[in-house]
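Structure first, commentary second.
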Amino acid sequence: MKTDVRVRIAPSPTGNLHVGTARTALYNYLYAKRHNGTFILRLEDTDEERSKETYTKDIIDGLKWLGLNWDEGLDIGGPYAPYRQTEKIDHYSTMANHLISSGKAYLCYATQEELAALKEEQKATNAAPRYDNRGRETSAEQAKQFEDEGRIPSVRFIVEEPQVVSWHDHIKGEIAIDTSDLGGDMVIVKSNGVAIYNFAVVIDDIDMKMTHVIRGEDHIHNTAKQLLIYEAMNQKAPEFAHAPLIFDIEHQKLSKRKHGETVHIDYYRAQGYMPEAIVNYLAQMSFTHPEGKEIYDLEEAAAVFDLDKVSKSPAVFDVARLNWFNSHYIRSLPLDLIVSRATPFLTAYDTSTYTAAQLAAIVASVRDGLTTLSELTAAVKFYFDPLTIPAEVAQDVLSSDNAKKVLNTMLNALGTMPWDDHQGCKKAVDAFGKEISLKGKELYWPVRAALSGKTQGPDLGSIISILGAERVKSRLEAALTHK
RNA sequence: GGCGCCAUCUUCUAAUGGUUAGGAAGCUGGUUUUUCACACCAGAGAUACGGGUUCGAUUCCCGUUGGCGCUACCA
């Protein structure tokens, strides 16, 4: 049974899914699940210049990939459609007209040039930049004259000053802002007829019956402005919670401009990060599991999430820590899942020479040492490509008499090798090692180097078993040709 | 410039008006392993500063400093 809790993530399709957006989506998702409410995806695409359909697709894909599925919204519809602001332009205008007729807003004929001049003037006198509310006084005659000049008005909402707007923030506590610091009467509909963010959000949140708005703290001043609009429209405002920002290592807001693709979820996806790791990492920064657990999934997070347990201070996005989560999940998620996710990282190789079971064994043999799946490509190379043994490895490991003895002995023992049993393969090596009185490094290293070209790597038994009779034989013979 | 938010190890954080200020990542050392990784053990590492309130403050209050954010006909 659903409660009336309704929350949303309302991204703007002006870029691919941002880490910060994903974190906000996660909080909203967790809050909805925790309270058995409804999680909604809505698109704030009123910026026609920057909005692109490919970004919309990336955002939808990314959220789904993370498992943050919505109950209502963009691609699935719902009772409060449309969930895309560009489809509600007329509706916003209608609502703005209501505000005009009730004296809460007015048409502003100021040109961009006039506003720019005002700003210059304020800058010169070191005054706070703001609109001087000159449009409030516009008479009917003036308006007509402006119209005749061809000026197209915007709609401004009257911000009464001074006045204190305050609310109880579910994360930050009490917040109070004086309307005098809001920059004057604010545009709610641009002269091109399209509503501005601060207005459209309010209308949408009213239309969609949102009960809680959980978003980044960079919106705190917007919240003050929006609260004024709720009041002017005689509507009950939702509850607000402003989450701390995510910083980079230099304590700056994570931004596309400064950090490029590393602020986007699909960057991590392409690198072979597990969605489970990203969700876990995102959840545990600024929020701590009540039992102090570090590793937990979406479902468990939803069971314990609480806004008042969210930290007030910003968190640094620390890739080293993300990496720890990721390597944990690469090691512990079901093998078949890891194998299927590994496919994109094996395209450089001809995987048809192995059976599905062997491919799984290949992934299993190397997964423990991986931080991201993208490292898989290099890690499994020796299973596929013709082997070249680096000169220094050959020199150090394969040139001794003992090494040649090991390789020759193994060559002769190949007939009795239990190929399908990696533990058996290891035992077989131990057994012939005993015959020639060699063990440990002296025994294993030549074999390892001959088969993989490296002195470190997966379990030797696994290497032998996976490579199989033919490859092992030819690689041993090839290794013996080294001087 | 104005306004707002924030302040515990390098990083993510826990806790409490009285604790040896706890955990995790990273780092260092060790154990284990044929090697690497994992795992395990150990070590170094923090309450920004100054005033109050109090028997007692890291915790509550004020100030300072610092960091960050917002200040568009972007969202």
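Below, all heavy atoms of this structure are taken into account, side chains as well, without hydrogens, waters or symmetry copies. Each chain gets a letter, A, B and so on, in the order the sequences are listed, and its residues count up from 1.
Under the Watson-Crick and G-U wobble criteria, each requiring two contacts below 3.5 Å, nucleotide B:C40 is paired to B:G30. Nucleotide B:A14 has no partner under the Watson-Crick or G-U criteria, as no pair reaches both atom distances under 3.5 Å. Base pairing of B:U64: its partner is B:A48, meeting the Watson-Crick or G-U wobble criterion (both donor-acceptor distances under 3.5 Å). Applying the Watson-Crick and G-U wobble criteria (two distances, each under 3.5 Å), B:C70 pairs with B:G2. The partner of B:A21, taking Watson-Crick or G-U wobble pairs whose two distances both stay under 3.5 Å, does not exist in any strand shown.
For A:R321 and A:Q284, each mapped to the nucleotide of RNA chain B holding its nearest heavy atom, the one lying further toward the 5' end belongs to A:Q284. In terms of position along RNA chain B, the nucleotide closest to A:E174 lies nearer the 5' end than the nucleotide closest to the other residue of the pair A:E174 and A:N198.
Separating the C1' atom of B:A57 from that of B:U8 is a span of 14 Å, rounded to the nearest Å. Here, B:U11 and B:G45 have their C1' atoms 12 Å apart, quoted to the whole Å. On the C1' atoms, B:U54 is 8 Å away from B:G17, given to the nearest whole Å. Comparing the C1' positions of B:U64 and B:G22 gives an interatomic distance of 31 Å, to the nearest angstrom.
No salt bridge links A:E161 with A:R136; every basic N to acidic carboxylate O contact stays at or beyond 4.0 Å. Salt-bridge check for A:K123 with A:E120: failed, with every basic side-chain N at 4.0 Å or more from each acidic carboxylate O. Electrostatic pairing of A:R8 and A:E44 does not count as a salt bridge here, judged by no charged N lying under 4.0 Å from a carboxylate O. One finds a salt bridge joining A:D47 and A:R50 here, because a Lys/Arg side-chain nitrogen approaches an Asp/Glu carboxylate oxygen to under 4.0 Å.
Of the side-chain N and O atoms in A:K253, one or more sit less than 4.0 angstrom from OP1 or OP2 of B:C70. In terms of phosphate contacts, A:Q252 brings a side-chain nitrogen or oxygen within less than 4.0 Å of OP1 or OP2 of B:C68. Side-chain nitrogen and oxygen atoms of A:T455 include none within less than 4.0 Å of the OP1 or OP2 phosphate oxygen of B:U35. The side chain of A:S180 places no N or O atom within less than 4.0 Å of a non-bridging phosphate oxygen (OP1 or OP2) of B:C3. In terms of phosphate contacts, A:S311 brings no side-chain nitrogen or oxygen within less than 4.0 Å of OP1 or OP2 of B:C12. Close to B:G2, at under 4.0 Å from its OP1 or OP2, lies no side-chain N or O of A:R130. One finds no side-chain N or O of A:K293 lying less than 4.0 angstrom from the OP1 or OP2 phosphate oxygen of B:G23.
Contacts of A:S327 with the nucleic acid, taken as non-hydrogen atoms under 4.0 Å apart, are absent. Using a 4.0 Å heavy-atom criterion, one finds that A:G457 contacts the bases of the nucleic acid, with or without backbone contacts as well. Contacts of A:T46 with the nucleic acid, taken as non-hydrogen atoms under 4.0 Å apart, involve only primed sugar atoms and P, OP1 or OP2. Residue contacts shown for A:F247 are limited to sugar-phosphate atoms, with no base heavy atom under 4.0 Å away. Base engagement by A:S154 is indicated by at least one non-hydrogen atom pair under 4.0 Å involving a base atom. As judged by a 4.0 angstrom heavy-atom cut-off over every strand, A:P314 is placed among residues touching the sugar-phosphate backbone only. No contact: A:I188 has no heavy atom under 4.0 Å from any strand. Looking at heavy-atom distances under 4.0 Å, A:D459 makes contact with a base. Among the protein residues, A:L245 comes within range of the sugar-phosphate backbone only, with heavy atoms under 4.0 Å from sugar or phosphate atoms but none that close to a base.
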List the steps, then state whether side-chain hydrogen bond (donor to acceptor under 3.5 Å, both in side chains) holds for A:Y383 with A:S365. CA-CA 11 Å; A:Y383 285 117; A:S365 75; 2.7 Å; yes
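For B:C38, its base never sits under 3.5 Å from the side chain of A:R331 at any donor and acceptor pair. With hydrogens and angles ignored, no donor-acceptor pair closer than 3.5 Å exists between the side chain of A:D45 and the base of B:A75.
Taking atom NE2 on A:H221 and atom C1' on B:C68, their separation rounds to 13 Å, with Å as the unit. Between the C1' atom of B:A25 and the CG atom of A:N280 lies a distance of 13 Å, rounded to the nearest Å. If you measure from atom CZ of A:F287 to atom P of B:U13, you get 12 Å, rounded to the nearest angstrom. Atom C1' of nucleotide B:C68 and atom NZ of A:K258 are separated by 12 Å, given to the nearest angstrom. The distance between atom CG of A:N222 and atom P of B:C74, rounded to the nearest whole Å, is 13 Å. A:E442 places its CD atom 14 Å from the P atom of B:U34, with the value rounded to the nearest Å. If you measure from atom CZ of A:F382 to atom C1' of B:C36, you get 12 Å, rounded to the nearest angstrom. In this structure, A:Y106 atom OH and B:C73 atom C1' are separated by 13 Å, rounded to whole Å.
A:E217 pairs in a salt bridge (charged side-chain N to carboxylate O under 4.0 Å, His left out) with only one of the listed residues (A:R23, A:K253, A:K172), which is A:K172.
Relative to the six-membered ring of A:Y281, A:R321 misses at least one condition, a distance below 6.0 Å or an angle of at most 45° to the axis.
Looking at every heavy atom in both residues, A:M285 comes nearest to A:F317 through CE-CD1, 3.9 Å.
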